[in-house]
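Working notes, beginning with the structure itself.
So that the names make sense, note that chain A is the first sequence line, chain B the second, and so on, each numbered from 1.
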Amino acid sequence: MDLRSRLLHLGLRRASELEPRPPRRRSVPLEAVVAGEWRTTPAGQCFVAEQRFSLAYTHGRYRLSEALSVPPHVWALALGDPAAEPFDVRRAAYLDIETSGLSRSGGTVAFLIGLGSFEGDKFVLRQFFMPDYGEEPATLHLAGEVLGAADGLVSFNGRSFDWPILEMRYILAGQQPPLDPRQHLDLLLIARRLWRRRLASCALSALEHPLLGLERDQRDVPGYLIPGLYNAYVQQGDAEPMADVFYHNAMDIVSLVTLTARVGHTLQAEAPAADPYRDPLALGILYERSGRPAEAVRALREAARSPDDTIATDAGRRLALLLRRTGEHDAAMAVWQELWARGDVPAAIELAKQYEHRQRDAAAALTTVDGAIARLEAGIAGLTRYEHRRLLRDLHHRRGRLMRRLERQAARRPAGEPSPRPTQEEEASSGR
DNA sequence: GGCGTGTAATGGAAACCCGA
DNA sequence: TCGGGTTTCCATTACACGCC
């Protein structure tokens with residue numbers, strides 16, 4: 001029995017035998033609660049809502065126009081590629097979708113595609129809503145017209161979530177994805193690099209208050225409720241809860257614009273640093289990875305002045321390694337000496353290397369190593385047992401080697417010449 | 001609850017330097 | 001010339017986190 005016969009045998013009916021589905025009774029129609037219009041295409045129907053914002057529109061602390069004041073070359077830092085082409089946020093589409101679930105398998109659909117773009121002296125927000133699963137081709141087609149006109153994408157977690165889902169839906173619908181987003185500014189990635197040391201969470205909702213000065217009102221609906229609300233709409237036709245989903249999506253997109261402004265100002269060091277040490281630390285790391293050592297050194301020096309020991313030590317270690325890599329050995333030594341004066345054992349190990357190999361002073365290296373061993377044995381908070389054991393093993397290995405080197409040097413030294421090993425008094429006064 | 005992304009930790013390879 | 005130590009770079013792995 002072939003597959004067709006087996007399915008018919010199981011009771012499946014041919015499409016031509018099916019009763020047409022009666023029009024769904026809609027207790028509250030969508031157009032009654034969301035300003036927009038129904039659009040009919042050869043592929044089906046889609047509801048489109050459009051809002052136009054003046055560039056002076058203020059969302060939290062920022063005006064929409066402030067996103068446009070960031071020069072395109074600044075975004076190379078955010079894209080993590082110093083060779084990246086300048087990114088023009090004025091020509092990009094701001095994307096946020098609402099879906100029927102979290103999975104990125106073929107079963108998850110984007111029922112609401114929100115797209116914002118700068119057009120003349122306005123920011124235009126368009127939301128493409130799929131009223132039923134069968135209307136997906138029309139929704140994709142209409143959203144595709146806006147996407148196709150854009151040059152680049154701005155999103156929040158869109159590299160992992162929004163775009164892969166959308167791309168998959170276009171492919172499954174037999175349509176060509178309208179955009180090749182090689183230029184994709186994913187604000188989640190850059191927000192994490194900039195602020196994860198300062199904020200407990202880098203979710204968009206968690207960034208809005210501290211960074212954008214924004215509070216959402218009662219209408220906003222938590223994201224995890226959205227798939228359920230949509231399924232209820234498809235089953236029962238009550239559009240009232242959908243109004244809140246449209247609002248949530250619109251807020252997300254407008255927040256994308258002002259977050260773009262905030263990120264841009266931070267990258268240009270123009271935003272008031274809410275944290276005068278963590279922010280420069282994050283910027284320093286960003287500069288370092290982008291191959292801009294001079295700016296990295298400047299930012300890391302600022303962060304290394306933090307009264308918070310964790311921040312100062314992190315910044316100091318990075319700063320010293322960067323200085324060494326760029327050949328500024330004396331400056332690196334000065335930073336490690338400062339760190340070691342505060343009791344940082346890894347800094348003592350780096351100092352011992354410098355004393356031994358650059359200054360040819362094995363005695364100073366040994367003194368530093370002895371000091372580090374004593375410090376470790378006295379106990380250091382915050383070290384795991386594994387780290388403690390590894391540091392101690394390394395230090396004892398180094399100590400043994402230095403001792404053997406000093407013994408060999410002493411054996412070669414003519415009788416009567418003093419040992420370079422410092423006396424106990426010298427050792428105590430050196431502070432090492 | 002699945003998945004893509006980035007980060008940090010770790011280890012290995014290779015190049016280089018220096019002392020024996 | 002050889003071996004040990006340092007440094008840098010790269011690959012691998014584990015893990016955390018955000019989206020609805």
Side-chain angles (χ1 to χ4, degrees), chain A residues 78-81 95-114 155-169 181 184-197 199-207 220-232 241 244-245 248-249 252-253 255-256 259 282 285-286 288-289 291 314 317-318 320-327 329 332 346 349-360 362 365 369 384 386-387 390 394 397-402 404-409 411-412:
Chain A
L79 294 167
D81 177 8
L95 168 72
D96 184 51
I97 63 173
E98 311 304 326
T99 70
S100 59
L102 260 189
S103 158
R104 259 151 281 189
S105 64
T108 300
V109 299
F111 68 83
L112 181 62
I113 303 171
S155 70
F156 197 84
N157 199 27
R159 288 246 290 258
S160 308
F161 188 76
D162 303 66
W163 181 251
I165 287 182
L166 218 43
E167 190 176 34
M168 163 82 83
R169 296 318 305 177
H184 188 161
L185 180 62
D186 187 335
L187 293 173
L188 166 64
L189 306 182
I190 182 72
R192 274 197 186 139
R193 288 185 203 136
L194 287 173
W195 296 302
R196 77 188 148 83
R197 287 171 187 79
L199 302 171
S201 161
C202 284
L204 182 59
S205 55
L207 301 180
D220 194 49
V221 53
Y224 67 89
L225 293 179
I226 290 173
L229 292 176
Y230 180 65
N231 281 320
D244 296 341
V245 177
H248 170 87
N249 180 257
D252 275 1
I253 290 176
S255 285
L256 274 183
L259 186 58
I285 294 169
L286 220 58
E288 189 186 346
R289 288 186 184 152
D314 189 2
R317 286 179 186 171
R318 291 174 190 275
L321 287 174
L322 177 59
L323 287 168
R324 185 182 68 189
R325 249 199 330 273
T326 52
H329 295 278
I349 293 173
E350 294 305 326
L351 264 184
K353 288 179 190 173
Q354 299 294 312
Y355 284 136
E356 181 185 353
H357 297 285
R358 293 200 71 80
Q359 303 195 347
R360 307 267 162 242
V369 166
T384 65
Y386 172 74
E387 287 167 333
R390 208 165 53 85
D394 183 18
H397 175 73
R398 193 174 298 278
R399 185 175 194 282
R401 199 171 46 71
L402 286 165
R404 289 193 293 280
R405 180 187 286 259
L406 282 167
E407 280 161 15
R408 283 195 302 272
Q409 287 177 359
R412 286 200 305 275

Minimum-distance pair of heavy atoms, taken over all atoms of Ala110(A) and Ile97(A): CB-CD1, 4.0 Å
Rounded interatomic separation in angstrom, taking CD from Gln359(A) and C1' from dC17(B): 17 Å
Counting the atoms with a prime plus P, OP1 and OP2 as sugar-phosphate, which does Leu225(A) contact under 4.0 Å by heavy atoms, base, sugar-phosphate, or nothing? nothing
Rounded to whole Å, how long is the line connecting atom CZ of Arg193(A) with atom C1' of dG18(C)? 15 Å
At under 4.0 Å between heavy atoms, what does Asp186(A) touch on the DNA or RNA strands: base, sugar-phosphate, or nothing? nothing
Under 4.0 Å: is that the gap between some side-chain N or O of Arg324(A) and OP1 or OP2 of dT7(C)? yes
Side-chain N,O (Gln354(A)) to OP1/OP2 (dT7(C)) below 4.0 Å: yes
Touch class at under 4.0 angstrom, heavy-atom based, for Ser201(A) against every strand present: sugar-phosphate
Quick check: closest heavy atoms across Ala282(A) and Arg193(A), and the distance to 0.1 Å? CB-O, 3.3 Å
Just to be sure I understand the rule, does Asn231(A) reach a base, reach only the sugar-phosphate, or reach nothing, if contact means heavy atoms closer than 4.0 Å? nothing
Leu189(A) has a side chain; which of dC20(C), dG6(B), dT7(B) sits nearest to it? dG6(B)
Can you find an N or O donor on one side and an acceptor on the other, under 3.5 Å apart, linking the side chain of Arg192(A) with the base of dC17(C)? yes
How close or far is atom P of dT5(B) from atom CG of Leu187(A), stated in whole angstroms? 16 Å
Atom CG of Leu199(A) to atom C1' of dA16(C): distance rounded to whole Å? 16 Å
Short side-chain N/O contact from Arg360(A) to OP1 or OP2 of dC17(B), under 4.0 Å: no
Tightest non-hydrogen contact, residues Ser100(A) and Pro227(A), listed as O-CB, 3.3 Å
Nearest whole Å is fine: how far is dT7(C) P from His357(A) NE2? 7 Å
Select base, sugar-phosphate, or nothing to describe what Arg197(A) touches, counting heavy atoms under 4.0 Å on all strands. sugar-phosphate
For Phe156(A), report the nucleic acid contact type (base, sugar-phosphate, nothing); a contact means any heavy atom under 4.0 Å. sugar-phosphate
Do Leu102(A) and Phe161(A) come close enough that some side-chain heavy atom pair is under 4.5 Å? yes
Tightest non-hydrogen contact, residues Val221(A) and His248(A), listed as O-ND1, 3.1 Å
Quick one: is Arg401(A) getting a side-chain N or O under 4.0 Å of the dT6(C) phosphate, OP1 or OP2? yes
Please classify the nucleic acid contact of Ile165(A) as base, sugar-phosphate, or nothing, using heavy-atom distances under 4.0 Å. nothing
In whole angstroms, the gap separating C1' of dC17(C) from CZ of Phe161(A) amounts to 14 Å
Using the side-chain heavy atoms of Glu350(A), tell me which of these nucleotides is nearest: dC20(C), dT7(C), dT5(B). dT7(C)
Between Asp220(A) (CG) and dC20(C) (P), how many Å, whole number? 10 Å
Does a side-chain heavy-atom distance below 4.5 Å link Arg317(A) with Glu350(A)? no
Kindly point out which of dT6(C), dA8(B), dG18(C) is positioned nearest to the side chain of Glu356(A)? dT6(C)
Over all strands shown, is Leu102(A) touching base, sugar-phosphate only, or nothing at heavy-atom distances under 4.0 angstrom? base
Please give, in whole Å, the distance from dC15(C) P to Arg196(A) CZ? 17 Å
Would you kindly compare Arg398(A) and Cys202(A) by the position of their nearest DNA chain C nucleotide and give the one closer to the 5′ end? Arg398(A)
Out of dT6(C), dG19(B), dT7(B), which nucleotide sits closest to the side chain of Lys353(A)? dT6(C)
Partner of Leu95(A) under side chain to side chain contact (heavy atoms under 4.5 Å, CB included), picked from Ile113(A), Leu256(A), Ile253(A), is Ile113(A)
From the candidates dG6(B), dC20(C), dC19(C), the one with an atom nearest any side-chain atom of Leu204(A) is dC19(C)
